[in-house]
Amino acid sequence: MKVVWTDVLVIGGGLAGLRTAVGAARHGLEVVVLSLVPAKRSHSAAAMGGMQASLANAVKGEGDNEDAHFEDTVRGSDWGADQRVVRMFVHTAPKAVRELAAWGVPWNRVRSGARDAVINGEHVTLTERAEAHGLITARDFGGTKKWRTAFVSDGTGHSMLYTVGDRAIAEGVAVHERTEALALVHDGRRCYGAIVRDLRSGELVAYVATATCIATGGYGRLYQVTTNAVINQGIGAAIALETGVVGLGNMEAVQFHPTCIVPAGILVTEGCRGDGGLLRDAAGHRFMPDYEPEKKELASRDVVSRRMEEHIRNGKAVQARHGAHLWLDITLLGPDHIHRRLREVYEICRYFLGIDPTKDWIPVRPAQHYSMGGIRTDLHGHSPHLRGLFACGEAACWDLHGFNRLGGNSVAETVVAGMIVGEAIADWCASAAADATVPVGLVREHHDRVRGELDALQGAAGGENPTALMAQMQRLMTDQVCVFRTGPTLQMAVEELTELLRRSRRLRVPRLPGANPALADAYRVQKMLRLALCVTVGALARTESRGAHFREDHPRRNDRDWLKRTLAFWPRPDGDEPALSYETLDVMAMELPPGWRGYGARDHIDHPDTESRRAQVDALRAQLAGADRHAIQSELMPFLEELPPALRGRNERLAEPIA
Amino acid sequence: MYEDTSLTGRRLRLRILRHNPQDPGSSPRFETFELDETDGMTLFIALNEVRATLDASLQFDFVCRAGICGSCGMLIDGRPGLACRTLTRDIGPEITLAPLPVFELIGDLSVDTGKWMRAMAERLETWVHAAGEPALDRLEARMDPDLAEQIYELDRCIECGCCVAGCGTARMRPDFVGAVGVNKLARFRLDPRDTRDDAAYYDLVGTEEGVFGCMTLLGCEDVCPKGLSLAAQLAFVRRRMALQGLRGGSR
């Protein structure tokens, strides 16, 4: 058995994993990052439109601050988020943008003076302030009160990933490329590392670590129609689930992005609508104002996707050979804007659709895009169920996004979480609690078990075919566990997924030296089916509608019965279904008590505590009227002490200078 | 993606250069796979169909399948390009696919660009060499808006390796940094946040393995899927480094 020893093992080489690794390495810890692909090819590179942070430099961002970002994010989450995590996040996001700026991200900058912009379908002139010239600018995004999304054309994720990737190289972080963690080494209480497959040679290696952090991104590939990269299969979440003791939070909370091109299923950024693009139907009619007079095209993603699907059901879609779609019209932005700020969109339209978006409308339809659910952790990314196991970024549920993530909050989360969790890992590694005698027998036991499982998948012909099972699962998820959900359909989906899981125990692939892609498909589909069952069983149980989880048979948000976070466990390795439990969200501790989001449906069922908490908050605000906003905030819901000391300082803005 | 099974009526023949270095019994050979072309088919779709229905052992690399991540560089009818955004209707019906040269072969169409790019990054130190740690609570340093856009122009490189595969020098000098390396150096040279001067850059690329190895064949720019101005960057950096050489070269 080959063993690699390290202080910190980070599984996943995207933005979250790399930033965490840099943070831990700066404390003198030895860090190894495992990555399925060269780190710079991670799916973070595909984030296009930008990163939210309340810098308030652009004229349309004037007056922005952490309070506004906090409220937008909580409303966006449909009150599913942990509000303390949201506070930690919005406080750290400006620091993250500024750190990335210093490290080399070429953020687009404010240019003082008048400029042309498109707002609500009209050409307007915006005049940027002279004192903001050269500071980081922002564009508009959905579900926000201010223009808050910092960007690098529409290649924001690419520039961020390359900058952080190169920073990790500068700090000497080792990245073991083309490796895949197949199981965590643990004793039910403590995590000791992972059993890892080398995807070049097929060899199994045990990595033993004081701290293990999963940052493997989302599980979009459970779906047939998804914007996600082919590597976003949720394997990191699955190996945590397969410990039997680690819970996954809110797996039914799956985001569908409004503008995915048809038929290739590739994302075009929300920046298209943020910059003034419109949604149109088969008749060329701009339909969003009919449904959402307040925010129109720029309501939150769950709301826009639902309205688009509703409009398609109402017979207003273009009926193309490969199905129905609507149009995204960015022609009104003009060629100059598109060639400078929406370049990837232009390239995607040209190569995959053969159209010119400066002249032609883009065929779009909602598609799976983001996983709000993931490995449940505390405020510092530490699993409450398995000590020594951390998770961050899209793979985790700490829980920043609740039931709907705002555009621009995910790349921001990756780096912010990395800054926080990297410190938490360093603290853990320095603590007496982390000291442990690693039981070598336990490592060997896990290694041999994985070896045995892989051996059982290879050999005699005649078993099930992994690509066929994968395709059936993906089609089923897209057909039955999508934007609109109903009890009977979900029940049917659970039964079909259970059957697929049973069939997946009879998978057989040829035994080949080296990478053996068919073997990888086989073990991955087994893991993915467990995740698909967590999503679907969770969705079936949640008899309400919240954020992206919409039940046609239970269309109202129900705070009275469902203001709680789903936890899915997989108690028996050979079991067919997850076990669900719930964590209650405490209304009396919320800074922003539940209410209407400012867009979308208005008729929710209140929690019995909502009114008294609202009265408390109002009284406190009245009592502290005129006080500093930070002082008011800390009375309502203190959070600063949860942050590492270096991240606690106030953020400077033009309107809030620091002496 | 949406299922689109409407056939164009064309039968594609994919001639693929196969070899698995992990298998002692394997030797390089061409194998041909036939499949029906569907409307809007890309090489991403075609190769996945070959693996799903004809040969489960076929190795290739895709990640984003949207022309963004740079994973799927390969020789398509002899020319380096991104397979994911190559529509079969633009080529074929006989299509020859081979792995990118220069890079270490992992198997079939999969090559180790990651290892090559990491070595290049370590050698050229492709990160901002700043004067100190940033004050994260303070207003960020200002930057001219045009300069920020110029830096992004060079920052758009996706390290796909096509320029290296299309480079005459890289075939002869295994240590040549390639257009990808010189472009990166030009990017950091343009960036005021990086404190390195031309003497420091001369240490990195003022050699035959660096910018002076370029023979100006300009295959790199012809095949760059992002349309980067690699010829201009090579010429510019070479001129600066030649001037630096006259001034005494490295420090």
Side-chain angles (χ1 to χ4, degrees), chain A residues 37-38 40-41 43 45-46 95 98-99 101-104 106-111 133-136 152-153 155 158-159 162 166-167 169-170 177 200-201 225 229-231 262-266 321-323 340 344 347-348 351-352 467 509-510 512-518 649-652 658, chain B residues 1-4 6 20-23 39-40 42 51-52 56-59 61-71 85 87 106-107 110 113-115 117-118 121-122 125-128 130 133-134 136-145 148-149 151-152 155-156 158-159 188 191 193-194:
Chain A
V37 296
K40 287 174 184 165
R41 313 234 186 273
H43 192 49
K95 302 179 204 306
R98 287 168 174 165
E99 180 176 83
W103 287 358
W107 297 110
N108 278 72
R109 301 288 171 146
V110 176
R111 188 189 308 274
H133 184 79
L135 295 175
I136 295 168
V152 184
S153 184
H158 165 86
S159 275
Y162 272 59
D166 283 330
R167 192 68 243 155
I169 295 172
E177 294 174 1
R200 291 185 183 89
S201 65
V225 186
V230 300
I231 55 173
V262 178
I266 294 169
R321 197 171 21 79
H322 33 66
R340 279 178 40 241
E344 300 296 332
E347 278 195 13
I348 286 165
Y351 283 102
F352 293 94
T467 50
V509 298
L512 297 169
N516 197 354
R650 288 189 187 176
N651 296 307
E652 186 173 38
I658 294 178
Chain B
M1 85 192 51
Y2 295 85
E3 270 173 290
D4 189 350
S6 56
N20 181 1
Q22 300 282 336
D23 180 357
D39 207 53
T42 59
R51 184 149 89 189
S57 69
L58 183 65
Q59 294 188 57
D61 292 320
F62 289 99
V63 178
C64 77
R65 53 87 174 110
I68 287 167
C69 76
S71 297
R85 69 178 199 188
L87 294 166
I106 292 174
S110 172
T113 50
K115 190 170 161 186
M117 295 295 167
R118 168 101 186 195
E122 288 175 350
E125 302 181 10
T126 58
W127 52 84
V128 163
E133 286 296 307
L136 300 185
D137 299 341
R138 297 307 183 116
L139 286 188
E140 62 276 13
R142 290 168 199 265
M143 181 182 279
D144 178 73
E149 291 193 22
I151 294 171
Y152 176 60
D155 205 46
R156 294 181 74 230
I158 56 174
E159 297 187 1
F188 287 102
D191 195 327
R193 296 168 290 202
D194 198 315

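Values in this document were obtained by computation on a predicted structure and should not be read as measured data. Chain letters run A, B, ... following the sequence lines, proteins first and then strands; every chain starts at 1. These values consider heavy atoms only, across backbone and side chains, with no hydrogens, waters or symmetry-generated copies.
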Applying a strict 4.5 Å limit to non-hydrogen atoms, the region of B:Arg138 in contact with chain A is both

Of all heavy-atom pairs between A:Pro106 and B:Ile151, which one has the smallest distance, and what is that distance? CB-CG2, 3.8 Å

Who passes side chain to side chain donor-acceptor pair (under 3.5 Å) against A:Arg98, sequence neighbours left out? B:Glu140

Region of B:Asp23 in contact with chain A, defined by heavy-atom distances below 4.5 Å: both

Top residue by heavy-atom pair count (under 4.5 Å) with chain B, among A:Ser159, A:Ala101, A:Ala170, A:Pro38? A:Ala170

Under 4.5 Å from a heavy atom of chain B, the part of A:Ile266 involved: both

Identify, with sequence neighbours excluded, every residue that meets side chain to side chain contact (heavy atoms under 4.5 Å, CB included) alongside B:Ala121. A:Asp166, A:Ile169, B:Thr126

Portion of B:Leu87 that has a non-hydrogen atom of chain A nearer than 4.5 angstrom: side chain

Would A:Lys95 and B:Asp137 count as a salt bridge (charged side-chain N to carboxylate O under 4.0 Å, His left out) if you check the C-alpha gap in whole Å, the side-chain angles of each, and the deciding distance to 0.1 Å? CA-CA 6 Å; A:Lys95 302 179 204 306; B:Asp137 299 341; 2.8 Å; yes

In terms of heavy-atom proximity below 4.5 Å to chain A, should B:Asp61 be classed as side chain, backbone, both, or neither? side chain

With only heavy atoms counted, which part of B:Glu149 is less than 4.5 Å from chain A, the side chain, the backbone, both or neither? side chain

Classify the side-chain pair A:Ser153/B:Arg156 by whether it contains a donor and acceptor separated by less than 3.5 Å. no

Tell me, side chain or backbone of B:Asp191 under 4.5 Å from chain A's heavy atoms, or both, or neither? side chain

Contacting region of B:Ala52 [heavy-atom separation from chain A under 4.5 Å]: both

Before accepting this row, confirm whether a basic side-chain N of the pair A:Glu347/B:Arg85 lies closer than 4.0 Å to the acidic partner's carboxylate O. yes

